[in-house]
Engineer: 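Starting off with a structure, shown below.
Residue numbers start from 1 in every chain, and the chains themselves are labelled A, B, ... in the order their sequence lines are given, proteins ahead of strands.
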Protein chains: 2
Amino acid sequence: MSKAEKKKNLDTPTEERLKEAARKVFTQKGYAATRVRDIAAEADINLALVNYYFRSKEKLFELIMTETIQNLFEKIKPIINDETTTLIEKLEAIVDQYIQLLIENPDFPLFIVNELMSGSNKLPIMTDNGKMFFNSHLVKQLTQMHSSGKLKFHPVNIMMNTLGMIIFPFLARPLFLRSGILTPEAFRAIVEERKKLIPVWLTQIINS
Amino acid sequence: MSKAEKKKNLDTPTEERLKEAARKVFTQKGYAATRVRDIAAEADINLALVNYYFRSKEKLFELIMTETIQNLFEKIKPIINDETTTLIEKLEAIVDQYIQLLIENPDFPLFIVNELMSGSNKLPIMTDNGKMFFNSHLVKQLTQMHSSGKLKFHPVNIMMNTLGMIIFPFLARPLFLRSGILTPEAFRAIVEERKKLIPVWLTQIINS
DNA sequence: AATTTAATTAAACAACTGTTTAAAACAATA
DNA sequence: TATTGTTTTAAACAGTTGTTTAATTAAATT
């Protein structure tokens with residue numbers, strides 16, 4: 001898109017355009033490094049309208065964050081609470097869904113980690129959904145496997161490994177690309193292949 | 001330490017005290033959220049001295065970042081280039097060293113994430129060390145296993161899994177703790193246990 | 001002891017920050 | 001059309017930011 005073409009998209013209303021611009025800038029630069037003027041410029045909309053529609057920078061951030069996280073967990077919830085599927089089937093579905101989401105939003109993990117670790121309790125929704133997660137049918141299956149002796153270590157290890165193997169490549173992506181170890185296409189191909197590999201690996205880990 | 005006791009530690013010279021304060025504040029809050037005044041206050045040293053000793057906030061950050069990364073790779077280098085050890089032995093050593101480092105410095109990952117988010121290749125040290133890693137004996141062993149057919153997928157998957165399983169728990173730590181899923185002690189115990197578990201899991205993954 | 005150099009300080013600076021204001025342009029309604 | 005409410009605008013505001021200055025104190029050198 002050229003500089004001129006990037007200008008006002010009059011099809012979408014102001015509020016929505018601002019929100020999308022904010023989502024883009026926040027995820028790229030993080031909360032602290034984002035200037036309200038960046039958001040206004042990205043949307044090509046007057047600065048004052050950010051506060052007019054969203055009251056404050058922080059309120060806008062919380063809105064976007066809540067929406068994003070909520071959307072993520074809405075996708076995961078039916079998977080982890082499906083009482084008809086096995087543990088492995090659930091993990092397969094999680095891996096597939098999650099990697100697909102990350103392929104579409106590659107800088108999402110860096111964003112979450114940055115906000116998560118910079119301390120502020122801007123994200124109560126994360127811990128809320130975290131609790132929901134650890135009360136899920138998936139976790140019940142895991143703890144039962146553990147107490148029955150089939151799983152020989154703390155169940156939380158399975159979640160750590162699942163999420164670690166899914167998310168880490170995207171965190172390290174800038175490193176892989178900048179160092180020339182992987183091209184963007186190679187990265188994409190490997191991550192796509194991991195959709196099938198990770199469940200296999202997890203199965204072996206569980207049965208060890 | 002009480003407010004009074006926290007005051008000037010006259011044993012260590014100004015420059016060193018400032019650098020340590022900077023390291024602490026940067027790692028806790030991230031680059032963008034850190035104020036030079038925070039650093040000066042943390043060290044209980046006059047604001048102007050930050051610029052007097054380090055020229056600018058950015059220069060100070062780069063100095064600390066370079067030192068930290070270099071220190072990390074100095075520890076890893078002898079492990080991954082040891083020609084007398086097997087692949088698994090190398091991975092065992094990496095897991096042990098890395099987890100130990102993260103236990104002692106839990107918000108180290110944020111530091112890295114910060115650098116990764118800043119986008120621009122300000123720090124050639126990362127890509128430099130990345131290339132060093134790419135040429136290591138460890139990577140030679142991996143690629144040889146791959147080309148000989150013993151490893152059935154791209155070798156980079158092994159590194160992704162190794163680092164993912166090591167680092168992810170520390171990234172998600174604030175979530176585990178704030179949600180009450182794990183106590184600090186439980187987290188510590190699990191991470192300690194993973195020092196032995198991860199190499200076992202990696203062995204299974206490699207032989208699949 | 002006298003002189004030069006380095007370290008420290010409080011204050012100021014200019015640019016930048018999120019937010020507000022008051023007026024203008026626009027849309028809806030009667 | 002006249003009136004009302006809504007959206008948009010440029011400008012201003014007050015506070016914060018990284019950085020510099022000019023003066024003072026401490027240390028080192030002669």
Engineer: Are B/M160 and A/L171 side-chain neighbours, meaning at least one heavy-atom pair lies under 4.5 Å?
Structural biologist: no

Engineer: I'd like to know if the side chain of B/K19 reaches the main chain of B/I64, judged simply by a donor and an acceptor atom lying under 3.5 Å from each other, with no hydrogens or angles considered.
Structural biologist: no

Engineer: For residues 92-103 of chain A, which side-chain donor-acceptor pairs fall under 3.5 Å, sequence neighbours excluded?
Structural biologist:
{"from": "A/Q100", "atom 1": "OE1", "to": "A/K195", "atom 2": "NZ", "distance (Å)": "2.4"}
{"from": "A/Q100", "atom 1": "NE2", "to": "A/E104", "atom 2": "OE2", "distance (Å)": "3.3"}

Engineer: So for the helix from C/dA1-D/dT30 to C/dA30-D/dT1, with five pairs setting each end axis, what is the inter-axis angle to 10°?
Structural biologist: 10°

Engineer: Using side chain to side chain contact (heavy atoms under 4.5 Å, CB included) as the criterion, list what pairs up with B/A32, not counting sequence neighbours.
Structural biologist: A/A32, A/A33

Engineer: Considering residues, nucleotides and ligands other than B/E192, do more than 12 of their heavy atoms fall under 6.0 Å from its CD?
Structural biologist: yes

Engineer: For nucleotides 19-26 of chain D, list the nitrogen or oxygen atoms of the protein found under 3.5 Å from its nitrogen or oxygen atoms, one pair per line.
Structural biologist:
{"from": "D/dT19", "atom 1": "OP2", "to": "B/K57", "atom 2": "N", "distance (Å)": "2.8"}
{"from": "D/dT19", "atom 1": "O5'", "to": "B/N51", "atom 2": "ND2", "distance (Å)": "3.3"}

Engineer: State which residues pass ring pair (Phe, Tyr, Trp, His ring centres under 6.0 Å) with A/F176; sequence neighbours excluded, sorted by chain then number.
Structural biologist: none

Engineer: Can you sort out the partners of A/F153 under ring pair (Phe, Tyr, Trp, His ring centres under 6.0 Å), two or more places apart, ordered by chain and number?
Structural biologist: B/W201

Engineer: Under a 3.5 Å distance rule, please check whether A/K77 uses its side chain to pair with a backbone N or O of A/M132 as donor and acceptor.
Structural biologist: no

Engineer: Round to the nearest Å and state the distance from A/R35 atom CZ to D/dT16 atom P.
Structural biologist: 15 Å

Engineer: In whole angstrom, give the distance that lies between atom CG of A/N46 and atom C1' of C/dT21.
Structural biologist: 12 Å

